[in-house]
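In what follows, every heavy atom counts, from backbone to side chain, and hydrogens, waters and symmetry copies are set aside. Residue numbers start at 1 and run along the sequence shown. In listed order, ligands and their atoms are each counted from 1.
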Amino acid sequence: MKFITVDTYAKMSRRAANIISAQVILKPDSVLGLATGSTPLGTYKQLIDWNEKGDIDFSQAVTVNLDEYVALDSSNNQSYRFFMNKNFFEHININMNNTFVPNGCAADLEEECKRYDENISRLGGIDLQLLGIGHDGHIGFNEPDKYFVKNTHIVDLHESTVKANSRFFSSEDEVPKRAITMGMVSIMQAKKILLIASGKAKRDILEKAFFGPITPEIPASILQLHPDITVIYSED
Ligand code: PGA
């Protein structure tokens, strides 16, 4: 594991964007696993900037996102599909047909989970998975539990996650209580993992996840077993 500490969010974002762009330059048809949340916004901005300058080309890239709220469709500005389109995809030269986000409005959610995993397998798995980390150690929406969940699945969000995410909604009541998330198999089978985190409030959970015991109570701790993971933490 490479654990890199930098002093500013801007430096974290730049380092992360560097790793993603190196991946896409070396393998233009890379499958990128992508994340939502506030942490990756700076990374996406940097990649957009380099794409505009012609330094990175996403025309052959494929993306698979980690998760989506149940019952929010793509036109809802709180859905993760909306987030990805607005903060990244609309600003780069990617083929929208090659961007995949779970469909939280599917009539049969169990079937959607199966379909999502089959699609990742069909694509040959993920080359580089970008991750954030929740204050409770979740990755994607894999919440602390008694066991690690292997495949894409429907999850009941923990109260702390609903609370943390309520900052994006006008009230806590509006935050969906269920989500669809990639499971640990697709994440752990990614050839490379890049986890980014910023701010002192994340320090404690990073310490537990990467230097403590491997336990489903802290889902990110399983990443200690991954052979090629880089963590970039910014202190500010
Ligand atoms: P954040 O979310 O980037 O908004 O802190 C991270 C996460 O919950 O995975």
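Residue, atom and distance of the protein heavy atom nearest to atom 6 (C) of ligand 1 are Ile133 O, 3.5 Å. In terms of protein heavy-atom proximity, atom 3 (O) of ligand 1 is closest to Thr39 OG1, 2.4 Å. When only non-hydrogen protein atoms are considered, atom 5 (O) of ligand 1 lies nearest to Lys202 NZ, 2.7 Å.
For the 3.5 Å distance criterion, the side chains of Arg81 and Asn85 qualify, holding a donor opposite an acceptor. There is no side-chain donor-acceptor pair under 3.5 Å between Glu143 and His158. Side chains of Asp57 and Asn51: a donor-acceptor N/O pair is absent below 3.5 angstrom, by distance only.
Below 3.5 Å of separation, one finds an N or O of Ser38 facing an N or O of ligand 1.
Counting heavy atoms under 4.0 Å from ligand 1, residue Asn165 does not touch it at all.
With salt bridges taken as basic N to acidic carboxylate O contacts below 4.0 Å, none links Lys45 and Asp49. At a threshold of 4.0 Å, the pair Lys192-Asp127 does not count as salt-bridged, since none of the basic side-chain nitrogens sits closer than that to a carboxylate oxygen. By the 4.0 Å N-to-carboxylate-O rule, Arg115 lies too far from Glu118 to be salt-bridged with it.
Close approach of ligand 1 to His138 is summarised as follows: ligand atoms under 4.0 Å from at least one heavy atom of the residue are 7 (C), 8 (O), 9 (O). Close approach of ligand 1 to Gly37 is summarised as follows: ligand atoms under 4.0 Å from at least one heavy atom of the residue are 3 (O), 4 (O).
Ligand 1 is never approached by His135 to a heavy-atom distance shorter than 4.0 Å.
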